[in-house]
Chemist: 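Once you've had a glance at the structure underneath, I'll fire off some questions.
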Protein chains: 2
Amino acid sequence: MPASNVATRTVSVMEGILDANDALAQLNRAKFDAAHTYVVNVMSSPGSGKTNILERTLEVLGASLRIGVLEGDVQTSLDASRLQRFGVPVVQVNTGSELGGGCHLDANMVWCGISQLPLDKIDLLLIENVGNLVCPAGFLLGEDVRVIVASVTEGEDKPLKYPHMFRCADLVLINKIDLLPHIDFDLNVLLKNIGSINSKATKILMSARTGQGLDDWIAWLNARIR
Amino acid sequence: MPASNVATRTVSVMEGILDANDALAQLNRAKFDAAHTYVVNVMSSPGSGKTNILERTLEVLGASLRIGVLEGDVQTSLDASRLQRFGVPVVQVNTGSELGGGCHLDANMVWCGISQLPLDKIDLLLIENVGNLVCPAGFLLGEDVRVIVASVTEGEDKPLKYPHMFRCADLVLINKIDLLPHIDFDLNVLLKNIGSINSKATKILMSARTGQGLDDWIAWLNARIR
(Lines give C-alpha, C1' and ligand atoms only; values in the text may rest on other atoms or scores of the structure.)
Protein backbone atom coordinates (compact mmCIF):
# COMPACT_ATOMS: atom_id res chain seq x y z
CA MET A 1 0.00 0.00 0.00
CA PRO A 2 1.44 3.38 -0.94
CA ALA A 3 -0.48 4.92 1.97
CA SER A 4 1.47 3.41 4.85
CA ASN A 5 4.80 3.85 3.06
CA VAL A 6 4.22 7.59 2.87
CA ALA A 7 3.32 7.86 6.56
CA THR A 8 6.30 5.83 7.77
CA ARG A 9 8.78 7.75 5.70
CA THR A 10 7.46 11.15 6.77
CA VAL A 11 7.74 10.49 10.49
CA SER A 12 11.26 9.07 10.50
CA VAL A 13 12.71 11.87 8.42
CA MET A 14 10.95 14.51 10.47
CA GLU A 15 12.53 13.11 13.63
CA GLY A 16 15.97 13.47 12.08
CA ILE A 17 15.17 17.00 11.00
CA LEU A 18 14.00 17.91 14.49
CA ASP A 19 17.18 16.50 16.06
CA ALA A 20 19.28 18.59 13.68
CA ASN A 21 17.07 21.60 14.37
CA ASP A 22 17.44 21.28 18.15
CA ALA A 23 21.22 21.03 17.85
CA LEU A 24 21.32 24.20 15.78
CA ALA A 25 18.91 25.94 18.18
CA GLN A 26 21.47 25.35 20.94
CA LEU A 27 24.11 27.08 18.82
CA ASN A 28 21.74 30.03 18.36
CA ARG A 29 21.18 30.00 22.14
CA ALA A 30 24.92 30.22 22.75
CA LYS A 31 25.13 33.25 20.45
CA PHE A 32 22.25 34.97 22.25
CA ASP A 33 23.84 34.26 25.64
CA ALA A 34 27.19 35.62 24.53
CA ALA A 35 25.53 38.83 23.29
CA HIS A 36 23.20 39.11 26.34
CA THR A 37 20.23 39.22 23.99
CA TYR A 38 16.80 38.21 25.28
CA VAL A 39 14.82 36.45 22.55
CA VAL A 40 11.04 36.21 22.15
CA ASN A 41 9.47 33.88 19.56
CA VAL A 42 6.04 35.28 18.62
CA MET A 43 3.67 32.81 16.96
CA SER A 44 0.01 32.82 15.85
CA SER A 45 -2.46 32.18 13.05
CA PRO A 46 -2.17 34.42 10.00
CA GLY A 47 -3.68 37.82 10.73
CA SER A 48 -3.87 37.59 14.53
CA GLY A 49 -2.04 40.89 14.87
CA LYS A 50 1.58 39.90 15.50
CA THR A 51 3.09 42.72 13.44
CA ASN A 52 0.69 45.24 14.93
CA ILE A 53 1.76 44.16 18.42
CA LEU A 54 5.42 44.50 17.46
CA GLU A 55 4.73 48.02 16.14
CA ARG A 56 3.15 49.04 19.45
CA THR A 57 6.01 47.40 21.34
CA LEU A 58 8.64 49.30 19.37
CA GLU A 59 6.75 52.56 19.94
CA VAL A 60 6.80 52.08 23.71
CA LEU A 61 10.12 50.32 24.31
CA GLY A 62 12.20 51.53 21.37
CA ALA A 63 13.62 54.51 23.28
CA SER A 64 14.65 52.61 26.41
CA LEU A 65 15.79 49.25 24.98
CA ARG A 66 17.94 48.27 22.03
CA ILE A 67 15.53 46.12 20.03
CA GLY A 68 16.05 44.02 16.91
CA VAL A 69 13.50 42.12 14.84
CA LEU A 70 13.70 38.93 12.79
CA GLU A 71 10.70 38.66 10.48
CA GLY A 72 9.63 35.25 9.16
CA ASP A 73 7.27 35.08 6.21
CA VAL A 74 6.64 32.61 3.42
CA GLN A 75 7.01 35.47 0.96
CA THR A 76 7.23 39.29 0.80
CA SER A 77 8.99 41.72 3.12
CA LEU A 78 5.80 43.65 3.93
CA ASP A 79 6.13 43.16 7.69
CA ALA A 80 9.81 44.10 7.74
CA SER A 81 8.95 47.30 5.86
CA ARG A 82 6.31 48.15 8.46
CA LEU A 83 8.86 47.82 11.26
CA GLN A 84 11.88 49.46 9.62
CA ARG A 85 10.35 52.91 10.10
CA PHE A 86 11.08 52.57 13.82
CA GLY A 87 14.80 52.75 13.07
CA VAL A 88 15.63 49.36 14.60
CA PRO A 89 17.64 46.62 12.87
CA VAL A 90 15.20 44.31 11.05
CA VAL A 91 16.07 41.22 9.04
CA GLN A 92 13.52 39.47 6.83
CA VAL A 93 13.71 35.70 6.41
CA ASN A 94 11.58 34.33 3.59
CA THR A 95 10.89 30.67 4.21
CA GLY A 96 10.23 30.16 0.51
CA SER A 97 8.08 27.80 -1.40
CA GLU A 98 9.36 24.37 -0.30
CA LEU A 99 6.71 22.28 1.39
CA GLY A 100 7.77 21.24 4.86
CA GLY A 101 10.18 24.14 4.99
CA GLY A 102 7.98 27.07 4.06
CA CYS A 103 5.48 26.88 6.86
CA HIS A 104 7.64 27.81 9.86
CA LEU A 105 10.95 29.30 10.92
CA ASP A 106 13.57 26.73 11.87
CA ALA A 107 16.82 27.14 13.77
CA ASN A 108 18.83 27.18 10.54
CA MET A 109 16.84 30.12 9.15
CA VAL A 110 17.32 31.99 12.41
CA TRP A 111 21.05 31.14 12.40
CA CYS A 112 21.31 32.70 8.93
CA GLY A 113 19.09 35.66 9.87
CA ILE A 114 20.95 36.71 12.99
CA SER A 115 24.26 36.70 11.12
CA GLN A 116 22.91 39.92 9.56
CA LEU A 117 22.02 41.53 12.89
CA PRO A 118 24.34 43.36 15.34
CA LEU A 119 23.44 41.03 18.23
CA ASP A 120 25.97 42.68 20.57
CA LYS A 121 23.94 45.85 20.32
CA ILE A 122 20.52 44.20 20.75
CA ASP A 123 18.99 43.71 24.22
CA LEU A 124 15.71 42.28 22.96
CA LEU A 125 15.27 40.27 19.76
CA LEU A 126 11.66 39.87 18.67
CA ILE A 127 11.18 36.96 16.26
CA GLU A 128 7.91 37.06 14.33
CA ASN A 129 7.29 33.51 13.13
CA VAL A 130 5.31 32.49 10.03
CA GLY A 131 1.55 32.77 10.62
CA ASN A 132 0.65 29.14 11.30
CA LEU A 133 -0.82 27.47 14.41
CA VAL A 134 0.63 24.03 13.63
CA CYS A 135 4.18 23.69 12.35
CA PRO A 136 6.16 26.44 14.16
CA ALA A 137 5.40 24.81 17.54
CA GLY A 138 7.78 21.93 16.79
CA PHE A 139 10.85 23.98 15.95
CA LEU A 140 13.01 25.41 18.72
CA LEU A 141 14.88 28.50 17.56
CA GLY A 142 17.03 29.15 20.64
CA GLU A 143 14.52 31.60 22.12
CA ASP A 144 14.02 32.46 25.81
CA VAL A 145 10.22 32.54 25.69
CA ARG A 146 7.36 31.73 23.36
CA VAL A 147 4.43 34.09 22.99
CA ILE A 148 1.24 32.97 21.23
CA VAL A 149 -1.10 35.65 19.91
CA ALA A 150 -4.72 34.45 19.84
CA SER A 151 -7.25 36.82 18.31
CA VAL A 152 -10.78 36.66 19.72
CA THR A 153 -12.13 36.61 16.15
CA GLU A 154 -10.66 33.11 15.73
CA GLY A 155 -13.11 31.52 18.16
CA GLU A 156 -12.84 29.89 21.58
CA ASP A 157 -11.85 26.39 20.40
CA LYS A 158 -8.36 26.99 19.00
CA PRO A 159 -6.38 25.83 22.09
CA LEU A 160 -8.17 22.47 21.91
CA LYS A 161 -7.72 22.13 18.15
CA TYR A 162 -4.08 23.25 18.09
CA PRO A 163 -2.83 21.92 21.44
CA HIS A 164 0.86 21.64 20.50
CA MET A 165 1.04 25.38 19.91
CA PHE A 166 -0.74 26.39 23.09
CA ARG A 167 1.11 23.80 25.19
CA CYS A 168 4.47 25.41 24.41
CA ALA A 169 3.38 28.98 25.23
CA ASP A 170 4.87 30.99 28.09
CA LEU A 171 2.37 33.77 27.42
CA VAL A 172 -0.87 33.97 25.45
CA LEU A 173 -1.72 37.46 24.23
CA ILE A 174 -5.47 37.51 23.62
CA ASN A 175 -5.71 40.20 20.97
CA LYS A 176 -8.48 42.24 19.27
CA ILE A 177 -10.60 42.48 22.44
CA ASP A 178 -11.99 45.76 21.07
CA LEU A 179 -14.10 43.54 18.77
CA LEU A 180 -15.75 41.60 21.63
CA PRO A 181 -19.00 43.61 21.49
CA HIS A 182 -19.39 42.74 17.80
CA ILE A 183 -18.81 38.95 17.74
CA ASP A 184 -20.34 35.78 19.17
CA PHE A 185 -17.56 34.87 21.54
CA ASP A 186 -17.29 33.74 25.15
CA LEU A 187 -14.01 34.94 26.66
CA ASN A 188 -14.39 32.66 29.69
CA VAL A 189 -14.55 29.62 27.42
CA LEU A 190 -11.32 30.65 25.69
CA LEU A 191 -9.58 31.19 29.04
CA LYS A 192 -10.81 27.81 30.27
CA ASN A 193 -9.65 26.10 27.07
CA ILE A 194 -6.18 27.66 27.32
CA GLY A 195 -5.99 26.57 30.96
CA SER A 196 -7.00 23.01 30.13
CA ILE A 197 -4.09 22.71 27.65
CA ASN A 198 -1.51 24.81 29.50
CA SER A 199 -2.16 25.77 33.12
CA LYS A 200 1.17 27.63 33.46
CA ALA A 201 0.89 30.13 30.60
CA THR A 202 0.24 33.74 31.55
CA LYS A 203 -2.76 35.26 29.77
CA ILE A 204 -3.02 38.95 28.86
CA LEU A 205 -6.04 40.59 27.25
CA MET A 206 -5.16 43.28 24.77
CA SER A 207 -6.05 45.27 21.71
CA ALA A 208 -3.05 46.34 19.69
CA ARG A 209 -5.47 48.63 17.82
CA THR A 210 -6.74 50.62 20.83
CA GLY A 211 -3.76 50.07 23.11
CA GLN A 212 -5.81 48.32 25.80
CA GLY A 213 -3.67 45.83 27.73
CA LEU A 214 -0.46 47.08 26.13
CA ASP A 215 0.93 48.12 29.55
CA ASP A 216 0.50 44.57 30.86
CA TRP A 217 2.41 43.12 27.91
CA ILE A 218 5.22 45.68 28.25
CA ALA A 219 5.42 45.00 32.02
CA TRP A 220 5.61 41.24 31.35
CA LEU A 221 8.46 41.80 28.90
CA ASN A 222 10.33 44.26 31.13
CA ALA A 223 10.13 41.90 34.10
CA ARG A 224 11.97 39.26 32.07
CA ILE A 225 14.59 41.35 30.33
CA ARG A 226 15.95 43.44 33.19
CA MET B 1 27.54 22.24 7.80
CA PRO B 2 24.46 20.75 9.42
CA ALA B 3 22.42 23.62 8.01
CA SER B 4 22.57 22.74 4.33
CA ASN B 5 22.20 19.01 4.99
CA VAL B 6 18.85 19.62 6.66
CA ALA B 7 17.57 21.77 3.81
CA THR B 8 18.60 19.38 1.05
CA ARG B 9 17.09 16.36 2.72
CA THR B 10 13.77 18.06 3.40
CA VAL B 11 13.16 19.08 -0.18
CA SER B 12 13.96 15.75 -1.80
CA VAL B 13 11.77 13.75 0.56
CA MET B 14 8.91 16.20 0.21
CA GLU B 15 9.01 15.78 -3.57
CA GLY B 16 8.63 12.03 -3.15
CA ILE B 17 5.78 12.50 -0.73
CA LEU B 18 4.00 14.85 -3.13
CA ASP B 19 4.35 12.38 -6.01
CA ALA B 20 2.83 9.63 -3.86
CA ASN B 21 0.11 12.02 -2.72
CA ASP B 22 -0.83 13.00 -6.27
CA ALA B 23 -1.08 9.35 -7.31
CA LEU B 24 -3.41 8.62 -4.42
CA ALA B 25 -5.44 11.78 -5.14
CA GLN B 26 -6.14 10.33 -8.60
CA LEU B 27 -7.50 7.17 -6.97
CA ASN B 28 -9.76 9.33 -4.78
CA ARG B 29 -10.85 11.18 -7.93
CA ALA B 30 -11.81 7.90 -9.59
CA LYS B 31 -13.94 7.00 -6.58
CA PHE B 32 -15.68 10.37 -6.64
CA ASP B 33 -16.35 10.06 -10.37
CA ALA B 34 -17.77 6.58 -10.01
CA ALA B 35 -20.11 7.79 -7.25
CA HIS B 36 -21.01 11.04 -9.08
CA THR B 37 -19.91 13.00 -6.02
CA TYR B 38 -18.87 16.63 -6.41
CA VAL B 39 -16.05 17.48 -4.01
CA VAL B 40 -15.15 20.86 -2.53
CA ASN B 41 -11.91 21.35 -0.57
CA VAL B 42 -12.42 24.27 1.86
CA MET B 43 -9.21 25.83 3.21
CA SER B 44 -8.32 28.84 5.35
CA SER B 45 -6.46 30.15 8.39
CA PRO B 46 -7.61 28.86 11.77
CA GLY B 47 -10.80 30.63 12.81
CA SER B 48 -11.77 32.16 9.46
CA GLY B 49 -15.25 30.67 9.71
CA LYS B 50 -15.07 27.47 7.65
CA THR B 51 -17.28 25.42 9.98
CA ASN B 52 -19.75 28.27 10.33
CA ILE B 53 -20.01 28.47 6.53
CA LEU B 54 -20.58 24.70 6.32
CA GLU B 55 -23.34 24.99 8.94
CA ARG B 56 -25.12 27.68 6.89
CA THR B 57 -24.61 25.61 3.72
CA LEU B 58 -26.16 22.51 5.29
CA GLU B 59 -29.11 24.59 6.54
CA VAL B 60 -29.85 25.86 3.05
CA LEU B 61 -28.90 22.90 0.84
CA GLY B 62 -29.41 19.95 3.18
CA ALA B 63 -33.02 19.38 2.08
CA SER B 64 -32.39 19.45 -1.67
CA LEU B 65 -28.96 17.80 -1.96
CA ARG B 66 -27.41 14.72 -0.39
CA ILE B 67 -24.39 16.21 1.37
CA GLY B 68 -21.53 14.57 3.23
CA VAL B 69 -18.72 16.16 5.20
CA LEU B 70 -15.10 15.16 5.82
CA GLU B 71 -13.67 17.16 8.71
CA GLY B 72 -9.90 17.59 9.01
CA ASP B 73 -8.44 18.74 12.31
CA VAL B 74 -5.13 18.27 14.09
CA GLN B 75 -7.07 17.15 17.14
CA THR B 76 -10.66 17.00 18.57
CA SER B 77 -13.93 16.25 16.81
CA LEU B 78 -15.50 19.57 17.80
CA ASP B 79 -16.30 20.57 14.22
CA ALA B 80 -17.74 17.17 13.33
CA SER B 81 -20.02 17.42 16.37
CA ARG B 82 -21.24 20.82 15.25
CA LEU B 83 -22.21 19.40 11.85
CA GLN B 84 -23.69 16.07 12.89
CA ARG B 85 -26.84 17.76 14.17
CA PHE B 86 -27.82 18.37 10.55
CA GLY B 87 -28.27 14.64 10.07
CA VAL B 88 -25.73 14.30 7.27
CA PRO B 89 -22.90 11.75 7.18
CA VAL B 90 -19.80 13.30 8.75
CA VAL B 91 -16.40 11.69 9.16
CA GLN B 92 -13.68 13.24 11.31
CA VAL B 93 -10.06 12.81 10.29
CA ASN B 94 -7.54 13.76 12.97
CA THR B 95 -4.22 14.52 11.37
CA GLY B 96 -2.46 13.84 14.67
CA SER B 97 0.71 15.08 16.20
CA GLU B 98 3.37 14.18 13.62
CA LEU B 99 5.17 17.19 12.24
CA GLY B 100 4.91 17.37 8.48
CA GLY B 101 1.78 15.26 8.60
CA GLY B 102 -0.35 17.05 11.17
CA CYS B 103 -0.69 20.38 9.43
CA HIS B 104 -2.86 19.45 6.45
CA LEU B 105 -5.09 16.78 4.96
CA ASP B 106 -3.38 14.58 2.40
CA ALA B 107 -4.85 12.21 -0.17
CA ASN B 108 -4.17 9.20 2.04
CA MET B 109 -6.17 10.65 4.94
CA VAL B 110 -9.03 11.42 2.55
CA TRP B 111 -8.78 7.90 1.08
CA CYS B 112 -9.18 6.48 4.60
CA GLY B 113 -11.92 8.96 5.54
CA ILE B 114 -14.17 8.37 2.54
CA SER B 115 -14.07 4.61 3.14
CA GLN B 116 -16.38 5.42 6.07
CA LEU B 117 -18.81 7.49 3.98
CA PRO B 118 -21.65 6.23 1.72
CA LEU B 119 -20.25 8.03 -1.35
CA ASP B 120 -22.93 6.55 -3.65
CA LYS B 121 -25.50 8.46 -1.65
CA ILE B 122 -23.59 11.75 -1.52
CA ASP B 123 -24.00 14.39 -4.26
CA LEU B 124 -21.77 16.96 -2.61
CA LEU B 125 -18.82 16.18 -0.35
CA LEU B 126 -17.55 19.16 1.63
CA ILE B 127 -13.99 18.68 2.87
CA GLU B 128 -12.97 21.06 5.65
CA ASN B 129 -9.19 21.10 5.66
CA VAL B 130 -6.95 21.83 8.66
CA GLY B 131 -6.84 25.56 9.43
CA ASN B 132 -3.53 26.53 7.86
CA LEU B 133 -2.72 28.96 5.02
CA VAL B 134 0.52 27.21 4.03
CA CYS B 135 0.71 23.44 3.89
CA PRO B 136 -2.74 22.31 2.63
CA ALA B 137 -2.18 24.16 -0.66
CA GLY B 138 0.39 21.60 -1.79
CA PHE B 139 -1.69 18.48 -1.29
CA LEU B 140 -4.23 17.47 -3.93
CA LEU B 141 -7.04 15.41 -2.43
CA GLY B 142 -8.95 14.50 -5.60
CA GLU B 143 -11.33 17.45 -5.23
CA ASP B 144 -13.26 19.24 -8.01
CA VAL B 145 -12.72 22.75 -6.66
CA ARG B 146 -10.80 24.60 -3.99
CA VAL B 147 -12.45 27.28 -1.90
CA ILE B 148 -10.36 29.61 0.27
CA VAL B 149 -12.10 31.41 3.13
CA ALA B 150 -10.41 34.74 3.93
CA SER B 151 -11.74 36.62 6.91
CA VAL B 152 -11.52 40.42 6.77
CA THR B 153 -10.13 40.42 10.32
CA GLU B 154 -6.94 38.79 8.98
CA GLY B 155 -5.88 41.90 7.06
CA GLU B 156 -5.48 42.78 3.39
CA ASP B 157 -1.98 41.35 2.88
CA LYS B 158 -2.62 37.61 3.20
CA PRO B 159 -2.81 36.82 -0.56
CA LEU B 160 0.66 38.33 -1.00
CA LYS B 161 2.12 36.57 2.04
CA TYR B 162 0.52 33.17 1.32
CA PRO B 163 0.52 33.15 -2.50
CA HIS B 164 0.52 29.34 -2.94
CA MET B 165 -2.81 29.08 -1.16
CA PHE B 166 -4.50 31.91 -3.04
CA ARG B 167 -3.02 30.84 -6.39
CA CYS B 168 -4.79 27.47 -6.21
CA ALA B 169 -8.23 28.90 -5.33
CA ASP B 170 -11.25 28.58 -7.61
CA LEU B 171 -13.26 30.76 -5.24
CA VAL B 172 -12.32 33.10 -2.41
CA LEU B 173 -15.08 33.57 0.17
CA ILE B 174 -14.37 36.87 1.92
CA ASN B 175 -16.00 36.23 5.29
CA LYS B 176 -16.95 38.29 8.38
CA ILE B 177 -17.87 41.39 6.36
CA ASP B 178 -20.29 42.31 9.17
CA LEU B 179 -17.15 43.39 11.09
CA LEU B 180 -16.01 45.88 8.40
CA PRO B 181 -17.35 48.94 10.29
CA HIS B 182 -15.29 47.97 13.34
CA ILE B 183 -11.83 47.30 11.88
CA ASP B 184 -9.10 49.13 9.99
CA PHE B 185 -9.41 47.33 6.68
CA ASP B 186 -9.56 48.33 3.03
CA LEU B 187 -11.65 45.83 1.07
CA ASN B 188 -10.42 47.20 -2.27
CA VAL B 189 -6.83 46.44 -1.28
CA LEU B 190 -7.72 42.84 -0.44
CA LEU B 191 -9.57 42.42 -3.76
CA LYS B 192 -6.62 43.91 -5.63
CA ASN B 193 -4.17 41.63 -3.79
CA ILE B 194 -6.23 38.53 -4.57
CA GLY B 195 -6.40 39.58 -8.22
CA SER B 196 -2.65 40.14 -8.41
CA ILE B 197 -2.01 36.54 -7.26
CA ASN B 198 -4.94 34.84 -8.99
CA SER B 199 -6.89 36.73 -11.63
CA LYS B 200 -9.25 33.81 -12.33
CA ALA B 201 -10.64 33.15 -8.86
CA THR B 202 -14.24 34.20 -8.20
CA LYS B 203 -14.63 36.43 -5.14
CA ILE B 204 -17.76 36.46 -2.97
CA LEU B 205 -18.31 38.77 0.00
CA MET B 206 -20.19 37.14 2.85
CA SER B 207 -20.92 36.96 6.53
CA ALA B 208 -21.75 33.48 7.72
CA ARG B 209 -22.92 35.13 10.95
CA THR B 210 -25.53 37.45 9.40
CA GLY B 211 -26.22 35.45 6.23
CA GLN B 212 -25.12 38.26 3.93
CA GLY B 213 -23.74 36.86 0.66
CA LEU B 214 -24.88 33.33 1.48
CA ASP B 215 -27.14 33.29 -1.60
CA ASP B 216 -24.17 34.02 -3.87
CA TRP B 217 -22.15 31.16 -2.39
CA ILE B 218 -25.09 28.74 -2.71
CA ALA B 219 -25.68 29.83 -6.31
CA TRP B 220 -21.99 29.32 -7.11
CA LEU B 221 -22.14 25.80 -5.66
CA ASN B 222 -25.43 24.92 -7.36
CA ALA B 223 -24.16 26.05 -10.75
CA ARG B 224 -21.31 23.57 -10.47
CA ILE B 225 -23.10 20.56 -9.04
CA ARG B 226 -26.17 20.37 -11.28
Side-chain angles (χ1 to χ4, degrees), chain A residues 2-7 9-11 13-14 16-18 20-21 23-24 45-49 73-76 78-79 95 97-104 106 108 111-112 130-135 137-139 151 153-155 157-158 160-164 176 178-179 181-184 209, chain B residues 2-7 9-11 13-18 20-21 23-24 45-49 73-76 78-79 95 97-104 106 108 111-112 130-135 138-139 151 153-155 157-158 160-164 176 178-179 181-184 209:
Chain A
S4 59
N5 284 346
V6 171
R9 201 167 54 180
T10 310
V11 175
V13 171
M14 286 309 295
I17 288 173
L18 286 180
N21 182 77
L24 204 51
S45 299
S48 297
D73 277 303
V74 178
Q75 243 168 271
T76 78
L78 293 169
D79 289 348
T95 58
S97 60
E98 318 307 348
L99 282 159
C103 52
H104 57 271
D106 64 25
N108 180 33
W111 172 271
C112 297
V130 176
N132 181 342
L133 271 191
V134 190
C135 316
F139 289 83
S151 153
T153 58
E154 296 163 25
D157 58 355
K158 295 304 163 291
L160 305 180
K161 293 173 72 177
Y162 302 88
H164 305 291
K176 304 195 190 181
D178 57 301
L179 292 177
H182 311 296
I183 59 178
D184 305 318
R209 183 171 178 247
Chain B
S4 59
N5 285 346
V6 172
R9 199 165 57 178
T10 309
V11 174
V13 171
M14 287 308 296
E15 282 171 0
I17 288 173
L18 286 179
N21 182 78
L24 204 51
S45 297
S48 296
D73 278 303
V74 178
Q75 242 168 273
T76 79
L78 293 169
D79 289 349
T95 58
S97 60
E98 318 306 349
L99 282 159
C103 52
H104 58 272
D106 64 25
N108 180 33
W111 173 271
C112 297
V130 176
N132 182 341
L133 271 191
V134 190
C135 316
F139 289 83
S151 152
T153 57
E154 295 163 25
D157 57 355
K158 295 304 164 290
L160 305 180
K161 292 174 71 176
Y162 302 87
H164 304 291
K176 306 195 188 179
D178 57 301
L179 293 177
H182 310 295
I183 59 178
D184 304 317
R209 182 170 179 248

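Lettering of chains follows the sequences in order, A, B, ..., and the numbering in each one begins at 1. The structure displayed is predicted, hence computed values, not measured ones.
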Chemist: Name the region of B:Pro46, side chain, backbone, both or neither, that has any atom closer than 4.5 Å to a heavy atom of chain A.
Modeler: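 Both parts, heavy atoms under 4.5 Å.
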Chemist: Checking B:Leu160 against A:Gln75 for the side chain to side chain contact (heavy atoms under 4.5 Å, CB included) test, could you report, in this order, the C-alpha distance in whole Å, the side-chain angles of both residues, the deciding distance, and whether it holds?
Modeler: CA-CA 7 Å; B:Leu160 305 180; A:Gln75 243 168 271; over 6 Å; no
Chemist: Please classify the contact between B:Lys161 and chain A as side chain, backbone, both or neither, with a heavy-atom cut-off of under 4.5 Å.
Modeler: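 For B:Lys161, the contact with chain A is made by backbone and side chain together.
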Chemist: Which pair of non-hydrogen atoms, one from A:Arg209 and one from B:His182, has the smallest distance, and what is that distance?
Modeler: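 Result for this residue pair: NH1-O, 3.0 Å.
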Chemist: If you count heavy-atom pairs under 4.5 Å with chain B, which of A:Ser45, A:Pro181, A:Gly47 comes out on top?
Modeler: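 Of the options given, most contacts go to A:Gly47.
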Chemist: Is a side-chain donor or acceptor of A:Tyr162 paired with a backbone partner of B:Gly131 at a separation under 3.5 angstrom?
Modeler: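 Looks like yes, one N/O pair under 3.5 Å.
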Chemist: For the pair B:Asn132 and A:Leu133, evaluate side chain to side chain contact (heavy atoms under 4.5 Å, CB included) and give the outcome as yes or no after the intermediate values.
Modeler: CA-CA 7 Å; B:Asn132 182 341; A:Leu133 271 191; over 6 Å; no
Chemist: Output, in order, the C-alpha distance, side-chain angles, deciding distance and verdict of side chain to side chain contact (heavy atoms under 4.5 Å, CB included) for A:Asp79 and B:Asp157.
Modeler: CA-CA 10 Å; A:Asp79 289 348; B:Asp157 57 355; 4.1 Å; yes
Chemist: Taking every heavy-atom pair that is under 4.5 Å apart, which of A:Val130, A:Asp178, A:Leu78, A:Ile183 has the most such pairs with chain B?
Modeler: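 Of A:Val130, A:Asp178, A:Leu78, A:Ile183, A:Ile183 has the most heavy-atom pairs under 4.5 Å with chain B.
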